[in-house]
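Below: the structure, in structure tokens.
In the text below, chain A, chain B and the rest are named by the order of the sequence lines, each starting its count at 1.
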Amino acid sequence: MEIDLAALASQLVVGISRAMILFIVCAGLSFVLGVLRVPNIAHGSLYMIGAFSAYSIAMRLFGGSSAGFWLALILAPLVVALVSLVTERVLFCHLYEREHLMLLLFTFALMLIFGDLVKIIWGAEYRSVSAPDLLRGSVSMFGASIPRYNLFLLIIGPLVAIGLWLFTNKTKMGKISRAAAVDREMVGLIGINVSWVFAAAFVIGCCLAGLGGSLVAPTVSVTLGMDHTIIIEAFLIVTIGGLGNMWGALVGSLIFGVTHSFGVLLWPQFAIVFPYAAVVIVLLLRPRGLLKSVW
Amino acid sequence: MKRIVTMKSLVFLTALYVTLFILLPAQAKARPIKVGVIDCYTGPAAMFCKEALEGFELALNEINKEGVLGSKIEFTTRDTKFKVDVGLSMAKELVMRENVDILVGTISSGVALAVSDYCRGEKVPFLVWISKSERITGEKGHRYVFSTGENTAMFGKAGGVALSKKPFIKYWITGDDYEYGHAIADAAWRNLKQRKPEVEKIGESWWKVGEPDLVPYINAIMAAEPDAVIFCTGGGSMVNVMKTAKATGMSDKIPVWIPTATDTTILRALGPGGPEGMMGTSDYLFYHPDTSDNREFVKAFQDAYGKYPAFPGFQGYITAHFIAEAFKKAGALDKEKFIDALEGLKIESPAGEIEMRACDHQVVLPIFMGVTKKVPEYDFLITTDIITLTGDDVMPTCEEIMKARGE
């Protein structure tokens, strides 16, 4: 198959747009990893809860109208924030001093519990969220048609990145979180209530998972098991980007998304392999990730 | 006078004792028929399995009103988690500890094949529903395994025959990278190429099961400009495929055949926004054929579960009736007699009379082909321009099956 520049360009756009969702989810995971030192395996479940909540809000409460979608985009992450706040205050906050293996097991248990809760609340049916009228269909770019929704993701991703940068660099809360990521004892010693800093950081990280879930909902089937798919990719991305480094999550997501979409074009039978091969290469060259890890 | 009354009550008491000590244990001897259901109740596949179980339960509620051979059919379920090792150990547990008479399940072809092999050794009848690998009743078939659903050979042949009548030459084949996907692709392409040798496969692409983002795949296919695309996707990927085909504009530009595009489970999930004009195949449609049997089943299913039945519900329903009718015909709770009775058994179903073919233990079902269309009656798409293929049109012959089994 001959490959023209138009096809390459459109694959690049599509790959980057997928990377935006991965980035939003991974930034949350990385943030929690950095500040709390918790490898949160249940992060994928919160992404799934975000997607299911978006379904309930957009399709059930608002009957699939455009307004319903926009509201879901705001409210679904808040639902996830609430779930994560309760989880943090009731369970997590007692466990921070435990070793990583314990936390890993604990979040794994949470993943199973959340998975079953979703099954109890929403059932096993496949759910589908309609995109708003504005974002339906496709536009012609470089001679290929690209779904409008993917272009929308290209706008949302950088907005979230800018928002996170402003939060971590310009707000007091953000600065404390960054400080806690570097040296949490010191932050406690200067009289800051570390417990609430942790709670806030956890909720913000999980909220991003919820946002990722509600953003992905119109492009996929909202179904049980979407937590497993995302969490493996998310951990790979966070690892190649540098544990706890949000910009690493961005770089990792871009590598993952773009190698995937180019792989599909260049060697479709083996496209599955490309992003994982990229992960292997990165880890061979830079075992601690591309950017500075806070661990 | 008083004495006589006492005598009467003595007689009555004796009668009561007789009932209690002789009749009751005698009734207890007619033990229930135990069915072990192994299927996947976690993850994306759970939707199909839950519905199959609902259809099964609905039928058992009807059957148990009068009972089978004076007893009732009971069932117990186990979750395979879509894993072969888990499914196999659940099957063993049900056979050895629960002493089930029959095993039923499962959505995963891999699990079905492994359990089938185990059942062959243990001489336990195993009725397979939902999973579609043609190997279950084909090359890997044996005396103890039956299939109550259509399989990849049937779907693939139906697709191949239908596509050979279309003018397309350049095809792209794509789908989920697992047993079902490749089996459908092989069967469809084999049948298409046989009937129309000039067709050409210009490319293939396979994604991992559950791949959330299909836009790069579909973009790449559109860039290659095939005349038509064969999608070999099942279960969880279907909604994604249909959504992406619509969002990228593929459904308007390139003809697409997907074995399960017209399946109610998928169209129901997509709602009114599903893509129109997709060619697909299904072995059960709740609105076709519009017979009183079908309407009754649909109504009973809706009353019980609040939704229209799709193919898993139908397969669960006929599986229960096959079990009940076979035991009635066998006249005893005996596994070997049950199998003899089930071979060639014909039952009435919502889709008309269906038969369990004796030579390979594969149910003979009609297959409905058509295209998706929006209609005002439902808030999701349905199939129109339906062509009904009978089982005989699309099933491999008994000779072909025996050849595949090396017999």
Shortest non-hydrogen contact from [X] toward [Y]:
| X | Y | value |
| --- | --- | --- |
| B:Asn219 | A:Ser10 | ND2-OG, 3.7 Å |
| A:Ala124 | B:Lys50 | CB-CD, 4.2 Å |
| A:Gln11 | B:Pro216 | NE2-O, 2.9 Å |

Within a 6.0 Å radius of atom [atom1] on [X], are there more than 12 heavy atoms belonging to other residues, nucleotides or ligands?
| X | atom1 | value |
| --- | --- | --- |
| A:Trp267 | CH2 | no |
| B:Lys193 | NZ | yes |
| B:Lys307 | NZ | yes |

Segment of [X] engaging chain B (4.5 angstrom heavy-atom cut-off):
| X | value |
| --- | --- |
| A:Ser130 | neither |
| A:His228 | neither |
| A:Asn150 | side chain |
| A:Ser128 | both |

Check: [Y] main-chain N/O paired with [X] side-chain donor or acceptor under 3.5 Å:
| X | Y | answer |
| --- | --- | --- |
| A:Tyr126 | B:Pro44 | yes |
| B:Lys243 | A:Ser221 | no |
| B:Thr248 | A:Pro147 | no |
| A:Glu125 | B:Ala269 | no |

Checklist line | Minimum side-chain heavy-atom gap B:Thr42-A:Lys119 below 4.5 Å | finding: yes

Checklist line | Per-residue contact mode, B:Asp252 against chain A (heavy atom under 4.5 angstrom) | finding: neither

Checklist line | Which portion of B:Ser237 sits near chain A, non-hydrogen atoms under 4.5 angstrom | finding: neither

Note to self: Tell me which of these, A:Gly257, A:Ser261, A:Ser138, has more heavy-atom pairs under 4.5 Å with chain B than the rest.
What the structure shows: A:Ser138

Checklist line | Contact winner vs chain A - B:Tyr41, B:Trp206, B:Tyr217, B:Trp207, heavy-atom pairs under 4.5 Å | finding: B:Tyr217

